[in-house]
Amino acid sequence: AFVFWHAGTQTLWFGRDIYGRRSLLAHVPRDGDRRLMLTSVAPPSARAAVTASSDTSSDASETWTELPPGVYSIRLACLEQPIARLPEAHP
């Protein structure tokens with residue numbers, strides 16, 4: 001996995017390859033929780049949220065998304081935009 005900050009465009013680039021042993025999990029900003037978090041190991045609260053996903057009382061701010069291998073970017077100056085995935089390059 002990698003993370004790269006480009007100060008000029010205020011863009012955070014991140015990703016993982018297909019050979020990585022760990023997942024790349026993202027917690028994207030939402031109305032109730034403006035944090036952007038990336039991790040390869042889910043915190044205990046995320047596992048609890050996944051277990052209780054059928055329960056409507058579970059806290060939506062604790063939802064994590066597993067990202068497939070690839071390169072992603074998000075402009076931190078404009079968090080309303082979704083995480084963008086770069087298209088795969090094929091030789």
Side-chain angles (χ1 to χ4, degrees):
F2 72 91
V3 176
F4 174 76
W5 170 247
H6 188 267
T9 60
Q10 295 202 353
T11 302
L12 186 68
W13 294 88
F14 52 95
R16 66 174 283 257
D17 61 36
I18 60 173
Y19 303 109
R21 294 182 60 170
R22 301 228 175 171
S23 298
L24 177 59
L25 303 170
H27 175 281
V28 295
R30 300 177 200 258
D31 288 337
D33 188 349
R34 302 298 296 157
R35 298 176 295 172
L36 169 67
M37 295 182 278
L38 301 171
T39 185
S40 60
V41 179
S45 60
R47 289 190 292 272
V50 170
T51 303
S53 62
S54 61
D55 180 7
T56 57
S57 66
S58 65
D59 185 5
S61 68
E62 291 298 328
T63 57
W64 292 82
T65 302
E66 183 172 358
L67 300 174
V71 177
Y72 300 86
S73 69
I74 187 167
R75 291 198 54 213
L76 296 186
C78 189
L79 287 176
E80 291 77 28
Q81 294 180 352
I83 293 175
R85 182 176 184 195
L86 290 181
E88 295 181 23
H90 297 286

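Quick note: residue numbers are just sequence positions, from 1. Only this structure's heavy atoms are used, side chains among them; waters, hydrogens and symmetry mates stay out.
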Participant: Nearest heavy-atom pair of Val41 and Arg22: which atoms, and what distance?
Facilitator: CG2-NH1, 2.7 Å

Participant: Hydrophobic clustering (ILVMFWY, side-chain heavy atoms < 4.5 Å, transitive) - are Met37 and Leu25 grouped together?
Facilitator: yes

Participant: Find the distance between CG (Leu38) and CD1 (Ile74) and round it off to the nearest 0.5 Å.
Facilitator: 8.5 Å

Participant: Could you grab the distance from atom OG of Ser23 to atom CZ of Arg16, nearest 0.5 Å is fine?
Facilitator: 6.0 Å

Participant: Look at the side chain of Arg85 and the backbone N and O of Leu67, then say whether any donor-acceptor pair between them is shorter than 3.5 Å.
Facilitator: no

Participant: Indicate, with yes or no, if Phe4 and Leu76 share a hydrophobic cluster defined by side-chain heavy-atom contacts under 4.5 Å among Ile, Leu, Val, Met, Phe, Trp and Tyr.
Facilitator: no

Participant: Which distance, rounded to the nearest 0.5 Å, do you find between the CD of Gln10 and the CH2 of Trp5?
Facilitator: 5.0 Å

Participant: When clusters are formed by joining ILVMFWY residues with side-chain heavy atoms under 4.5 Å apart, either directly or through shared neighbours, do Val3 and Leu24 land in the same one?
Facilitator: yes

Participant: Which is it for Leu12 and Leu36 under the side-chain contact (heavy atoms from CB on, under 4.5 Å) test, yes or no, and what are the steps along the way?
Facilitator: CA-CA 10 Å; Leu12 186 68; Leu36 169 67; 3.9 Å; yes

Participant: For the pair His6 (side chain) and Trp13 (backbone), establish whether a donor and an acceptor sit closer than 3.5 Å, ignoring hydrogens and angles.
Facilitator: no

Participant: Do Ile18 and Tyr72 sit in the same hydrophobic cluster, where Ile, Leu, Val, Met, Phe, Trp and Tyr count as joined when their side-chain heavy atoms come under 4.5 Å apart?
Facilitator: no

